[in-house]
Number of protein chains: 2
Amino acid sequence: MLENTGQGAVLTESNRACEACALKDLRLPRPLSPRELEVLEQRAKSSAVLDEGATLFSQGDSVNAVYIVRGGAVKTFVTDRNGKEDIIGFFFTGDFIALESLACDLYPMSCAALTKTYICKISRADMQALTRELPSLEEYLFLSVSEELLGSHQLSQILRQLSADERLSSFLLFLSHTNERHKLSGTDLALPMSRREIAGYLGLAVETVSRAFSRLQEKQLIAVNDRNVTLLDIEGLRAQSHCCQSYRDGTFSSEKPVI
Amino acid sequence: MLENTGQGAVLTESNRACEACALKDLRLPRPLSPRELEVLEQRAKSSAVLDEGATLFSQGDSVNAVYIVRGGAVKTFVTDRNGKEDIIGFFFTGDFIALESLACDLYPMSCAALTKTYICKISRADMQALTRELPSLEEYLFLSVSEELLGSHQLSQILRQLSADERLSSFLLFLSHTNERHKLSGTDLALPMSRREIAGYLGLAVETVSRAFSRLQEKQLIAVNDRNVTLLDIEGLRAQSHCCQSYRDGTFSSEKPVI
DNA sequence: CGTGGATTTGAACGGCATCAAACTAAGTGG
DNA sequence: CCACTTAGTTTGATGCCGTTCAAATCCACG
């Protein structure tokens with residue numbers, strides 16, 4: 001089922017762990033109904049463990065499954081001609097990984113684990129069967145991808161308009177928000193990704209990211225200790241970021257203005 | 001039905017024009033089946049004409065319909081604190097406009113016509129009824145938004161990595177491809193958008209866009225005459241762009257590598 | 001013919017990339 | 001336990017590209 005994709009990846013089949021997983025913390029455009037959850041669980045029989053750095057799929061692989069992060073974190077990326085990784089997105093517990101790839105025959109990107117990561121797999125065939133017996137799931141998928149697209153627009157805005165410090169501020173606020181979604185501290189962050197990966201995501205050089213960390217620390221906005229970052233002044237960071245703090249949480253409507 | 005949104009917009013109800021429209025040139029993740037087309041046409045009773053510059057909807061308006069471009073071109077955008085427009089996307093004949101907004105209660109962006117534009121409107125309620133009686137349409141919507149998201153990833157890549165000249169080259173190749181989709185010349189482009197709007201899309205200053213035009217012309221890659229641009233050396237432009245020429249045509253699979 | 005917006009061109013400044021090197025931390029093997 | 005290696009991170013110096021400010025030109029339109 002799950003292929004070993006090299007790079008020291010050890011993918012183990014573990015249905016038992018999967019049965020224990022209620023898929024309850026799927027990131028939600030809306031909550032899944034009990035019926036949806038039941039059907040989804042029934043299909044999500046296959047699970048895997050990815051060691052840090054292990055590849056889940058590579059650009060050019062055929063898309064014959066959908067993956068969900070059950071625990072840990074992954075990145076999706078493409079590698080440019082200089083060998084530099086262009087990071088497309090980070091995915092955390094409860095996220096569908098690159099759901100939009102279902103529109104392709106072959107993956108237009110690669111995916112690798114940032115830390116030890118637990119993955120849930122649903123085959124493409126199962127997914128099709130699922131949506132047939134449970135039409136509302138298709139709507140769920142539409143909403144999921146729509147929210148990803150809205151988040152991508154915000155990222156584009158960040159890439160177009162913001163300075164290095166502002167980009168990093170936005171990114172830290174995004175991670176803070178993600179942490180809170182997972183019932184973790186919104187101020188004490190343990191970054192699962194390297195400076196290089198942050199740079200690849202924010203469109204900056206590694207050195208610039210490092211300097212931005214230093215400047216935010218000088219300004220007393222954060223305290224940096226390797227990959228452990230404490231947000232000391234969230235409002236200050238927000239002022240820095242010049243942008244909605246959460247550009248991927250689907251709350252673009254009503255309460256919070258995008259700008 | 002269609003509200004007059006000011007800015008000299010003249011929105012006229014014109015069911016006759018709508019009946020004549022077969023919706024056949026909807027941009028397609030896959031072709032619509034005759035059945036789908038029939039049902040869709042039945043609902044798309046309402047049409048409108050937007051003068052150049054007219055607003056279709058504004059950020060904060062409630063999302064109670066979906067719009068399709070029947071002829072012409074529109075932009076979606078947000079306005080930043082300096083009053084500068086950040087262009088999110090351009091939409092042409094056959095495109096759903098900002099379909100992902102259906103995931104919101106209120107529009108997170110505005111939409112305005114670049115030229116005189118003909119619009120087809122389907123109310124949110126009709127859309128829901130449609131997907132109930134035609135489940136495959138929901139899949140169509142999912143695929144549409146997925147392709148938009150894949151395109152948005154490519155745009156992010158452009159914003160992260162490419163120089164001004166490279167960005168403009170990519171943009172011109174994108175327009176060329178769009179033109180070809182509409183059975184127009186792939187080399188003689190009549191840009192519907194201003195330099196300022198191109199700048200807002202590519203994350204550059206107007207002056208930089210203008211200079212990029214000049215440089216590409218000096219290099220004999222294009223011939224510029226106001227908003228009429230002739231692509232003289234497509235391969236040269238492609239080499240310049242360092243990127244897949246078509247970042248929004250859904251051909252990320254099989255044949256064409258993304259990089 | 002005059003006005004205002006769009007576009008182009010010029011000049012100077014500044015932020016980020018690049019190159020280079022020091023420093024840290026973790027892992028390896030002697 | 002320590003020398004050694006390696007990758008990640010930080011800091012410094014320099015140069016370039018794009019922004020900003022300024023002004024000229026062009027064009028549509030009243």
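A note on names: the letters A, B, ... follow the listed sequences, proteins ahead of strands, and every chain is numbered from 1.
- B/Leu162 has its CG atom 14 Å from the P atom of C/dA17, to the nearest Å.
- If you take NZ of B/Lys84 and C1' of D/dG18, they are 12 Å apart, rounded to a whole angstrom.
- Whole-Å rounding puts the A/Phe213 CZ to D/dT9 C1' distance at 11 Å.
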Pair A/Tyr67, A/Phe57 - check side chain to side chain contact (heavy atoms under 4.5 Å, CB included), show working.
CA-CA 10 Å; A/Tyr67 301 97; A/Phe57 55 78; 3.8 Å; yes

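- The CG atom of A/Leu202 sits 18 Å away from the P atom of C/dG15 (whole-angstrom rounding).
- Of the side-chain N and O atoms in B/Thr208, none sit less than 4.0 angstrom from OP1 or OP2 of D/dG18.
- Between the CD atom of B/Glu197 and the P atom of C/dA6 there is a distance of 9 Å, rounded to whole Å.
- Across every non-hydrogen atom of B/Leu106 and B/Gly60, the tightest pair is CD2-O, 3.5 Å.
- In this structure, B/Ile198 places its CD1 atom 12 Å from C1' of C/dA6, rounding to the nearest Å.
- Nearest heavy-atom pair, A/Ala113 versus A/Leu50, reported as atom, atom and distance to 0.1 Å: CB-CB, 3.8 Å.
- In this structure, B/Arg238 pairs ionically with B/Glu235, as a charged nitrogen and a carboxylate oxygen lie closer than 4.0 Å.
- If you take CG of B/Leu204 and C1' of D/dT19, they are 10 Å apart, rounded to a whole angstrom.
- Note on B/Ser210: a base of the nucleic acid sits closer than 4.0 angstrom, heavy atoms only.
- Residue contacts for A/Arg167: at a heavy-atom cut-off of 4.0 Å it reaches no nucleic acid atom on any strand shown.
- Side chain of B/Glu207, nearest nucleotide from D/dA22, C/dT7, D/dG8: D/dA22.
- Minimum atom distance to the side chain of B/Asp226 is reached by C/dT7, of the listed D/dT11, C/dT7, D/dT9.
- Counting only heavy atoms from C-beta on, B/Arg211 has its side chain closest to D/dT20 among D/dT20, C/dC19, C/dA6.
- Listed nucleotides: D/dT19, D/dT9, D/dT10. Nearest to the side chain of A/Val224: D/dT10.
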Are A/Val69 and A/Phe92 close enough, and set up right, to give a side chain to side chain contact (heavy atoms under 4.5 Å, CB included), and what steps lead you there?
CA-CA 6 Å; A/Val69 181; A/Phe92 305 96; 5.6 Å; no

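- Atom CD in B/Gln161 sits roughly 14 Å away from atom P in D/dG18 (whole-Å rounding).
- Between B/Arg195 and the phosphate of C/dT8, there is a side-chain N or O to OP1/OP2 separation shorter than 4.0 Å.
- In the set D/dG18, D/dA22, C/dT7, the nucleotide with an atom closest to the side chain of B/Ser163 is D/dG18.
- Side-chain nitrogen and oxygen atoms of B/Ser214 include at least one within less than 4.0 Å of the OP1 or OP2 phosphate oxygen of C/dT9.
- Side-chain proximity of B/Ala164 to D/dG18, D/dT9, C/dT8: nearest is D/dG18.
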